[in-house]
A.B. asks: 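Questions regarding the structure given below will be posed in turn.
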Amino acid sequence: AQSVTQPDIHITVSEGASLELRCNYSYGATPYLFWYVQSPGQGLQLLLKYFSGDTLVQGIKGFEAEFKRSQSSFNLRKPSVHWSDAAEYFCAVGATNFGNEKLTFGTGTRLTIIP
Amino acid sequence: DVKVTQSSRYLVKRTGEKVFLECVQDMDHENMFWYRQDPGLGLRLIYFSYDVKMKEKGDIPEGYSVSREKKERFSLILESASTNQTSMYLCASSLDSGANVLTFGAGSRLTVL
């Protein structure tokens, strides 16, 4: 079974600073990988996804993530954060075998932006 | 865009009551899911469904059941609500492509007193 670890429960970053949110996964093959964002009181919105190919993937809102097989990681980055990026971020892993379409989510990282 | 609608955003129920959480999606997605979200625990899968009248247990199905009589609608049922079921419940759907991209509803926050 797959699993996801987000080691940082809460991160505080100054507006305009760079951001990196960590995500490590466990799966027996190359998985599907996702980052979702949840603004207060809202459902989750897909930021980006990795299925195959280029290990650096671009997403919405200026986010990117890099798949590193050797480290079993899929860290999310943004070069300059905006106050509107304050939210909770979830990394998720999906199995690639047909008939197993469910996702497993990490526990989330809450991002606070200070002026 | 796919829209997933959860009819109740906030509910307050008493212990022992039967609770129905409704979810409707409008883009003919095959797969539907119910997660619960708790602080520090992230999202945990309760039940999912690949097709009408089909259901599969997720990681935490105890105390819950589901119903999928129509493709667009997936209901979560708490037969006898308990205080430890106070939580945020998120419904999601996805195409039957194996690509796992989920579209989520806005959530239903349930409080059981």
Side-chain angles (χ1 to χ4, degrees), chain A residues 1-10 21-25 27 29-53 57 59-60 65 74 87-110, chain B residues 1-10 21 23-25 29-51 54-61 66 74 87-109:
Chain A
Q2 63 262 35
S3 66
V4 178
T5 301
Q6 293 181 250
D8 303 306
I9 297 172
H10 186 200
L21 302 182
R22 296 183 292 166
C23 172
N24 293 96
Y25 70 88
Y27 183 65
T30 300
Y32 297 138
L33 293 163
F34 306 81
W35 276 99
Y36 283 84
V37 60
Q38 184 181 35
S39 298
Q42 301 298 316
L44 276 70
Q45 179 186 19
L46 180 68
L47 276 178
L48 48 77
K49 59 185 184 290
Y50 172 79
F51 288 166
S52 65
V57 293
I60 62 171
F74 189 57
E88 189 151 21
Y89 292 79
F90 292 92
C91 182
V93 60
T96 52
N97 52 309
F98 179 77
N100 187 18
E101 281 79 10
K102 63 178 183 176
L103 292 189
T104 299
F105 286 82
T107 52
T109 297
R110 179 165 300 280
Chain B
D1 284 349
V2 176
K3 190 171 182 180
V4 179
T5 303
Q6 295 182 234
S7 55
S8 301
R9 290 297 306 272
Y10 301 94
L21 300 180
C23 175
V24 177
Q25 51 93 4
H29 278 182
E30 300 290 336
N31 306 322
M32 297 190 75
F33 305 81
W34 276 106
Y35 287 87
R36 69 175 278 177
Q37 181 182 11
D38 300 288
L41 297 178
L43 279 73
R44 293 178 292 167
L45 183 63
I46 304 171
Y47 268 97
F48 58 106
S49 169
Y50 291 131
D51 201 350
M54 294 183 66
K55 60 184 179 183
E56 297 281 344
K57 292 181 179 179
D59 300 317
I60 52 163
V66 291
F74 192 38
S87 187
M88 170 71 86
Y89 291 88
L90 293 169
C91 177
S93 70
S94 71
L95 285 168
D96 184 23
S97 65
N100 311 120
V101 176
L102 298 181
T103 300
F104 282 87
S108 298
R109 182 167 294 282

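Reminder, nothing fancy here: chain letters follow the sequence lines and each chain counts from 1.
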A.B. asks: Enter the distance from A/F105:CZ to B/L102:CG here, rounded to the nearest 0.5 Å.
C.D. replies: 5.5 Å

A.B. asks: Using non-hydrogen atoms and a 4.5 Å limit, figure out which bit of B/D59 sits close to chain A: side chain, backbone, both or neither.
C.D. replies: side chain

A.B. asks: Would you mind checking which part of A/Q38 comes under 4.5 Å of any heavy atom in chain B, side chain (CB onward), backbone (N, CA, C, O), both or neither?
C.D. replies: side chain

A.B. asks: Give a yes or no on this: more than 12 heavy atoms of other residues, nucleotides or ligands lie within 6.0 Å of atom CG of B/L41.
C.D. replies: yes

A.B. asks: Chain A heavy atoms under 4.5 Å from B/Q37: which part of the residue, side chain, backbone, both or neither?
C.D. replies: side chain

A.B. asks: Counting only heavy atoms closer than 4.5 Å, note whether B/L43 contacts chain A via side chain, backbone, both or neither.
C.D. replies: both

A.B. asks: CZ of B/R44: more than 12 outside heavy atoms within 6.0 angstrom?
C.D. replies: yes

A.B. asks: Once you round to the nearest 0.5 Å, how far does OG1 of A/T104 lie from CG of B/L45?
C.D. replies: 8.0 Å

A.B. asks: Minimum heavy-atom separation for A/L46 to B/V101, with atom names?
C.D. replies: CD2-CG1, 3.7 Å

A.B. asks: Nearest 0.5 angstrom please: A/F90 CZ to B/F104 CZ, how far?
C.D. replies: 9.0 Å

A.B. asks: Sort B/R9 into side chain, backbone, both or neither according to what part of it lies under 4.5 angstrom from a heavy atom of chain A.
C.D. replies: side chain

